[in-house]
Enquirer: 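Structure incoming, see below.
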Amino acid sequence: MPPPSATPHDLSCLHLRDLERIAADCMDRQTRDYYNEGADASMTLAENHTAYNKYRIRPRVLRDVSRVNPSASVLDFTASCPIGVAPTAMQCLAHPDGEIATAAACKEAGVAMGLSSFATKSLEDVKAAGGDTARVLQLYLFEEREESARLIRRARKAGYKAVFLTVDTPVLGRRNLEIKNKFKLPPHLRIANFADGANGEGKEEKSGDSEAGYTEGEKRVMPRGPVTFHSHAANPTLEWGRDITWLKKECGEDMKVYVKGVATAEDALLAIKYGVDGIVVSNHGGRQLDGALATVDALPEIVEAVQKKIPVHVDGGIRHGTDVFKALALGADFVWIGRPVLWGLAYKGKEGVDLCLRLISDEFKLCMALAGVTSVKDISKDYLVKIDRSGFVSRL
Ligand SMILES: Cc1cc2nc3c(=O)[nH]c(=O)nc-3n(C[C@H](O)[C@H](O)[C@H](O)COP(=O)(O)O)c2cc1C
Ligand SMILES: O=C(O)C(=O)c1ccccc1
């Protein structure tokens, strides 16, 4: 790989913060608020970003960085960088091509993609657009267990390699703008991956609709118009023993099971105890428990507890290549980005996601070179210091 370039291409958008600003003007208020807001006072949302400022990089010099290799292994796949696209719901709100555009951009960039259970495109079509990079189906485990089982079977058949069970939504967090705007899925969009059963609002599709991957006679649930999907995303009954055991059995040998939304060492140890294949340290982008620790602050105790027994991923507030570097230096194996991809989609569909992925991966490569690291596996806490409020610098 040639040395990273410090000069990106789109001069109106040189940083993900530019993308955020530009995208804000490309979305209606309902969509912008739904995508960008956090829970309650958005304290955790803000801290997910600012917590990265507590760390500074200790660059090493006079090392040959003419060849920097930013690739990283994730879920038995060699990705072009240790940055994946986090599962986010309803991407067709941002752009008509929605998750298909995201998947196509991921494929082109060699970046791993997570698909939300609440996608607005079918998981089969997303797999076709994303190829090997479409690896993860995010799952909400519904109280109607057969609904989830059906989704898992389809994902296995389509070739997804992992399920990320989201565990930080026993109930939905309070999002004030969503309430104020009376957020609803617009009538022309549908939640694409559900068979009927729950709210009876599903509009029957003609059979043989290959896009959706349904067998004849199955109906969709929650597809058009006012939807009650919030009650589906949240399931207060989930627990480690019964539900993880069930999920592992459903996923069989073909798909790994990760839990997404772990925030403590105690739960990381339980994840290992119950045979989970990996964890994602996440607070749902600050959209659930406001006042929860920023993910990069939760990361060290989890990394310490896990002792490399299973992969530890992290998401939340990652907006620059240097944030990625810091998360890896703190012991994360992989990171995921959520909102920036939605901003890219809103700005220019696939091209906007291309831009988003290029910006952050170029920044990461540049950061590696400037820090004197040529391989992702060499990024360690030796490259980081922590700086406290009074400016005192300490080694990790
Ligand atoms: C608009 C939006 C929708 C989301 N939908 C889901 C979802 O369906 N399932 C899920 O597990 N996480 C969902 N998330 C959380 C993301 O997967 C991820 O944890 C979070 O966005 C990371 O934070 P960041 O946006 O600061 O990068 C959503 C986040 C946003 C912003
Ligand atoms: O908005 C979210 O954060 C989320 O995960 C979600 C997805 C679909 C329905 C409700 C909530």
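As the structure lists them, so they are numbered: ligands from 1, and atoms in each ligand from 1. These numbers come from a predicted model, not from an experiment.
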Enquirer: Could you tell me whether the side chains of N283 and T295 share a donor-acceptor contact shorter than 3.5 Å?
Expert: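 Their side chains do not contain a donor-acceptor pair, so the 3.5 Å distance test is not met.
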Enquirer: Which residue, V68, V324, T322, forms the side chain to side chain contact (heavy atoms under 4.5 Å, CB included) with C367?
Expert: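 In the set V68, V324, T322, the residue that makes a side chain to side chain contact (heavy atoms under 4.5 Å, CB included) with C367 is T322.
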Enquirer: Is the contact between F118 and ligand 1 made by the side chain, the backbone, both, or neither, using heavy atoms and a 4.0 Å cut-off?
Expert: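 Neither part.
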Enquirer: Could you check whether E108 pairs with K350 (Lys NZ or Arg NE/NH1/NH2 to Asp/Glu carboxylate O, under 4.0 Å)?
Expert: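 Yes, charged N to carboxylate O under 4.0 Å.
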Enquirer: Side-chain contact test, heavy atoms from C-beta onward, threshold under 4.5 Å: evaluate it for L396 versus Y55 and give yes or no.
Expert: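 A side-chain contact under 4.5 Å exists here.
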Enquirer: Check each of G338, G285, P87 against atom 14 (N) of ligand 1 and report the one with the nearest heavy atom.
Expert: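 The residue whose heavy atom sits nearest atom 14 (N) of ligand 1 is P87.
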Enquirer: Strictly by modelled atom types, are Q288 and R174 linked by a side-chain donor-acceptor pair under 3.5 Å?
Expert: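 No, because no side-chain N or O of Q288 sits under 3.5 Å from a partner of the opposite role on R174.
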Enquirer: List the closest protein heavy-atom neighbour of atom 12 (N) of ligand 1: residue, atom name, distance to the nearest 0.1 Å.
Expert: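 Answer for atom 12 (N) of ligand 1: K260 NZ, 3.0 Å.
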Enquirer: Taking atom CZ of R60 as the centre, report whether more than 12 heavy atoms of other residues, nucleotides or ligands fall under 6.0 Å from it.
Expert: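 Counting neighbours around CZ of R60, 12 or fewer heavy atoms of other residues, nucleotides or ligands fall under 6.0 Å, so no.
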Enquirer: Heavy-atom distance to atom 11 (C) of ligand 2: which of A233, S116, G338 wins?
Expert: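 Going through A233, S116, G338 one by one, A233 has the nearest heavy atom to atom 11 (C) of ligand 2.
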Enquirer: Out of all atoms in ligand 2, which are within 4.0 Å of some heavy atom of H284? Include the element for each.
Expert: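 Per the distance check, 2 (C), 3 (O), 4 (C), 5 (O).
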Enquirer: Name the closest protein heavy atom to atom 8 (O) of ligand 1, giving the residue it belongs to and the distance to 0.1 Å.
Expert: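 Of the protein heavy atoms, S116 OG, 2.7 Å lies nearest.
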Enquirer: I need the contact type for R339 against ligand 1. Using non-hydrogen atoms and a strict under-4.0 Å cut-off, is it side chain, backbone, both or neither?
Expert: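 The answer is both.
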Enquirer: List the closest protein heavy-atom neighbour of atom 26 (O) of ligand 1: residue, atom name, distance to the nearest 0.1 Å.
Expert: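 So the nearest neighbour among protein heavy atoms is R319 NH2, 2.7 Å.
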Enquirer: Nearest protein heavy-atom contact for atom 5 (N) of ligand 1: which residue, which atom, what distance?
Expert: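 Atom 5 (N) of ligand 1 sits closest to the protein heavy atom A89 N, 3.1 Å.
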Enquirer: Can you find a non-hydrogen atom of N48 under 4.0 Å from ligand 1?
Expert: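 It does not, in that no heavy atom of N48 comes within the 4.0 Å cut-off of ligand 1.
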Enquirer: Do R287 and Y34 meet the cation-pi criteria used here (NZ or CZ under 6.0 Å from the six-membered ring centre, within 45° of the axis)?
Expert: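 Relative to the ring axis of Y34, which defines the angle, R287 lies inside both limits.
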